[in-house]
4 protein chains.
Amino acid sequence: MAKKTGEKFEAILDAAVKVIAQNGYHNSQVTKIAREARVADGTIYLYFENKDDILVSLFHTRMDEFATKVKQKIDLVDTPEEKLYQLIYMHFKIFALDHNLAIVTQIEIRQSNRRIRNDIGKSLKKYHRLIEELVEFGVQKGKFHDGIDVRLMRQMIFGILDETVSSWVMKDMKYDLLELVDPIYFLIANGIERKS
Amino acid sequence: MAKKTGEKFEAILDAAVKVIAQNGYHNSQVTKIAREARVADGTIYLYFENKDDILVSLFHTRMDEFATKVKQKIDLVDTPEEKLYQLIYMHFKIFALDHNLAIVTQIEIRQSNRRIRNDIGKSLKKYHRLIEELVEFGVQKGKFHDGIDVRLMRQMIFGILDETVSSWVMKDMKYDLLELVDPIYFLIANGIERKS
Amino acid sequence: MAKKTGEKFEAILDAAVKVIAQNGYHNSQVTKIAREARVADGTIYLYFENKDDILVSLFHTRMDEFATKVKQKIDLVDTPEEKLYQLIYMHFKIFALDHNLAIVTQIEIRQSNRRIRNDIGKSLKKYHRLIEELVEFGVQKGKFHDGIDVRLMRQMIFGILDETVSSWVMKDMKYDLLELVDPIYFLIANGIERKS
Amino acid sequence: MAKKTGEKFEAILDAAVKVIAQNGYHNSQVTKIAREARVADGTIYLYFENKDDILVSLFHTRMDEFATKVKQKIDLVDTPEEKLYQLIYMHFKIFALDHNLAIVTQIEIRQSNRRIRNDIGKSLKKYHRLIEELVEFGVQKGKFHDGIDVRLMRQMIFGILDETVSSWVMKDMKYDLLELVDPIYFLIANGIERKS
DNA sequence: TATGAATGAGGATTCATTCAT
DNA sequence: CATGAATGAATCCTCATTCAT
């Protein structure tokens with residue numbers, strides 16, 4: 001039914017990011033998004049099943065692009081260490097360049113209901129998998145610890161990056177996120193304990 | 001105005017955790033919470049300013065208890081490493097013992113609006129500070145890396161723990177969270193890179 | 001936002017008069033008005049800001065029409081005395097022909113809150129002004145006493161007419177209001193004192 | 001059941017006038033009146049049947065006092081003209097001395113429901129009767145027009161006085177009400193028409 | 001008499017979705 | 001394909017009144 005392509009499809013998604021970033025999730029009515037996208041309310045329903053579908057599609061397309069961009073970058077370097085570094089760099093870089101996206105994905109969209117959050121979880125699969133492949137590569141190359149669950153390592157890496165970005169957004173993006181690339185890389189790589 | 005103590009105050013908070021865990025945030029009407037607490041709807045408003053206030057109070061009291069319990073435990077051991085280990089252990093332990101609390105704090109309450117989320121952020125201050133003190137102690141004892149921002153270390157540690165618990169809840173708490181204490185401790189302590 | 005014209009706008013106002021006259025101000029729920037107007041509850045809010053706005057708009061349109069009708073009539077005669085007589089006649093006539101309007105404007109709408117009553121006051125401005133012009137005309141023609149504040153004369157005339165109609169409504173409109181036109185005219189014109 | 005006398009009965013009535021004058025009818029909760037009267041909420045119900053009963057009793061006692069004061073004054077003079085003058089003077093004087101009473105009786109209490117307004121009407125009976133007696137006296141003495149309905153004359157006099165006071169209250173009592181005694185007397189006595 | 005904590009019925013308003021044009 | 005007027009279900013909160021103490 002819902003035609004999930006086309007100029008207006010994109011326009012609606014763009015409008016949704018903008019409206020949600022500006023007004024907050026709970027104050028972003030379909031009418032507001034339609035007005036921002038310069039279409040009629042009813043038109044939304046030619047491209048999306050319902051309001052939730054806008055959010056899920058939004059998150060899905062954006063996270064897909066996100067993972068693609070990160071992958072392109074880490075494919076350009078060879079060692080696990082360099083790939084990890086580029087992952088962190090790109091993760092922060094993308095959000096630093098698109099504040100609205102940061103606000104929406106880190107804060108607002110998490111206010112959605114259980115079902116949406118589940119679907120959103122799926123959208124992260126690709127990115128999670130990317131990190132896991134990086135970890136596997138590092139372990140295989142003998143550069144990362146083996147014997148530790150790969151999923152756990154991925155969770156740790158993702159948890160650190162996600163929390164760091166969320167904190168930055170909550171602090172109104174007042175500081176330069178990219179300055180954290182080096183120290184975060186160091187912590188992920190070396191942990192917090194000092195070796196004598 | 002709102003009397004934030006007493007038997008019914010506690011009963012309402014307990015009911016709120018239960019109802020929200022079972023029905024989800026957006027399907028937890030005041031009437032439902034009142035019925036579960038065995039009080040009249042209006043009674044809720046003798047103890048809370050409004051519905052949001054229930055959530056904020058809920059998160060605040062629970063997180064305060066949380067931080068207190070963790071602190072009691074880490075005070076019993078001496079070295080930074082042991083304290084870190086106990087922190088992780090207690091963080092997981094508390095949620096492992098109270099699934100409803102885990103669901104509500106990790107998933108449901110995050111669906112609340114911006115203002116609530118802000119107040120909720122404040123409730124975490126005490127716990128954040130606790131972790132920072134632990135980090136400062138470790139640095140001072142020469143056991144943790146110095147030269148790295150303490151807040152950043154705290155963010156990393158909290159981010160890992162939070163993401164781990166969230167993941168576990170999203171996976172319907174099907175596995176034993178406590179089995180992750182050791183490997184997570186290892187990762188936080190040593191990072192992911194293998195030293196030759 | 002609220003589109004204050006159109007078929008449904010009128011239908012809602014008509015319904016409001018009927019419902020309020022029948023049920024009393026405090027027992028006239030939006031749902032009741034909507035049902036009487038044969039529209040959905042939500043439709044009300046496409047035409048009115050809120051419930052109060054229905055009342056204010058109701059009073060405003062009706063009083064505007066009221067003043068217009070009265071003006072048309074007194075414009076047809078020439079002397080101040082005839083104009084005054086026609087004013088009294090029309091004031092009573094309009095209410096005598098529309099009992100619901102009388103009930104609503106004289107009794108029910110006065111139960112609304114302070115803000116509404118203020119707005120309602122403004123709606124009477126046009127009618128008040130009409131009476132004042134009549135008085136000024138009479139003074140200028142040398143037919144009415146000069147040296148007395150025009151506003152005061154208007155207040156007196158309006159006060160008499162208003163009280164007379166209110167009394168009639170309170171007595172359940174059991175007698176013929178139009179029979180009072182002559183004696184009221186006489187009293188306003190001559191006062192109560194008998195000149196020897 | 002309700003004991004309609006005693007120190008607290010009076011205290012509650014006094015509190016009601018004050019609270020309603022300050023907060024408006026619709027924002028004068030029983031709790032607020034109780035607090036102002038320094039009694040418990042429940043105590044109110046030992047002296048009054050229900051909230052409406054407070055208002056009715058309030059209006060009744062105050063209007064009874066009102067009529068008594070006016071009567072005392074007009075009894076001191078002999079001619080109908082002097083009595084009429086004193087009536088106007090006292091009517092304005094009492095409200096000029098008690099602004100809260102003016103606000104409550106002219107504006108706020110009229111927002112109450114149909115039943116209360118009916119009871120309130122009864123409280124005015126005594127005052128209405130007083131005016132009618134004055135009119136009858138004037139007619140009998142040959143000073144006022146005969147042949148005109150006494151009730152109508154009373155209605156006219158009361159309507160003028162009431163409208164004048166209401167207007168004054170609506171204008172925030174910014175001018176001196178007593179300055180209107182003379183011109184209003186003149187208008188009531190002589191009407192608006194100038195005799196050649 | 002007096003208290004005040006507890007009750008619970010009642011209603012304005014929002015907003016995702018539909019469907020006639 | 002596109003429109004936007006119309007729909008109506010769903011819910012938080014207030015406050016007059018009660019009654020155990």
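Keep in mind it's a predicted model, so treat the numbers as computed, not measured. Sequence lines set the chain letters: A, B, ... in the order given, protein chains first and strands last, and positions in each chain run from 1.
- Shown here are the side-chain contact (heavy atoms from CB on, under 4.5 Å) partners of B:Asn27, two or more places apart in sequence or in another chain: B:Asn23, B:Gln29, B:Lys32.
- Atom pair A:Arg35:CZ and E:dC15:C1' shows a separation of 13 Å (rounding to whole Å applied).
- Across all non-hydrogen atoms, the minimal contact from D:Gln106 to D:Phe95 is OE1-CZ, 3.7 Å.
- Between the CD1 atom of D:Ile12 and the P atom of E:dT1 there is a distance of 13 Å, given to the nearest Å.
- Place D:Thr31 and C:Lys8 on DNA chain F by their nearest nucleotides, and C:Lys8 ends up nearer the 5' end.
- Map D:Gly42 and A:Thr43 each onto its nearest nucleotide of DNA chain F; the residue landing nearer the 5' end is A:Thr43.
- Between B:Asn50 and B:Tyr45, the shortest heavy-atom distance links the atoms CA-CE2, 3.8 Å.
- Here chain B contacts DNA chain F (any atom closer than 4.0 Å to a heavy atom, that is under 4.0 Å), and the contacts span F:dT11 to F:dT14 from 5' to 3'.
- The two residues D:Val17 and D:Leu101 have their closest heavy-atom pair at CG1-N, 4.1 Å.
- Listed in residue order, the members of residues 45-54 of chain C having a heavy atom less than 4.0 Å from DNA chain E are C:Tyr45, C:Asn50, C:Lys51.
- With DNA chain E read from its 5' end, the first of the two nearest nucleotides for B:Val39 and C:Asp41 is the one closest to B:Val39.
- The two residues C:Phe9 and C:Ser57 make their nearest non-hydrogen contact at CZ-CB, 4.5 Å.
- Contact annotation: the side chain of C:Met63 approaches that of C:Thr105 to within less than 4.5 Å [non-hydrogen atoms, C-beta and beyond].
- Side-chain atoms of C:Glu108 never come within 3.5 Å of backbone atoms of C:Gly24 as a donor-acceptor pair (strictly under, hydrogens ignored).
- D:Lys3 places its NZ atom 13 Å from the C1' atom of E:dA2, with the value rounded to the nearest Å.
- For B:Lys125, the NZ atom sits in a loose shell: 12 or fewer heavy atoms of surrounding residues, nucleotides or ligands are nearer than 6.0 Å.
- Taking atom P on both nucleotides, F:dT21 is separated from E:dT1 by 23 Å, rounded to a whole Å.
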Run the numbers on B:Leu13 and B:Arg62 for side chain to side chain contact (heavy atoms under 4.5 Å, CB included), then give the verdict.
-> CA-CA 9 Å; B:Leu13 287 185; B:Arg62 294 302 188 264; 4.2 Å; yes
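- The structure places CD1 of D:Ile120 at 6.5 Å from CD1 of D:Ile116, a figure rounded to the nearest 0.5 Å.
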Atom pairs and distances, donor-acceptor, side-chain atoms in residues 34-41 of chain C, under 3.5 Å, two or more places apart:
from: C:Glu36; atom 1: OE2; to: C:Lys18; atom 2: NZ; distance (Å): 3.2
from: C:Asp41; atom 1: OD2; to: C:Thr31; atom 2: OG1; distance (Å): 2.8

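- Nucleic acid contact for B:Val30: sugar-phosphate only, since backbone atoms but no base atoms lie under 4.0 Å from a heavy atom of the residue.
- When every heavy atom of B:Ile12 is checked against every heavy atom of B:Ile33, the shortest pair comes out as O-CG2, 4.0 Å.
- Comparing the helix axis at one end of the helix from E:dA2-F:dT21 to E:dT21-F:dA2 with that at the other, each defined from 5 consecutive pairs, gives an inter-axis angle of 10° (nearest 10°).
- Listed by residue number, there are no residues of residues 14-27 of chain C with a heavy-atom contact under 4.0 Å to DNA chain E.
- Heavy-atom minimum distance, D:Lys51 versus D:Ser28: NZ-O, 2.9 Å.
- Taking atom CD1 of residue C:Ile33 and atom P of nucleotide E:dT13, one finds them 11 Å apart after rounding to whole Å.
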Run the salt bridge (charged side-chain N to carboxylate O under 4.0 Å, His left out) check on B:Asp14 and B:Lys8 step by step: do they pass?
-> CA-CA 10 Å; B:Asp14 288 344; B:Lys8 300 210 166 159; over 6 Å; no
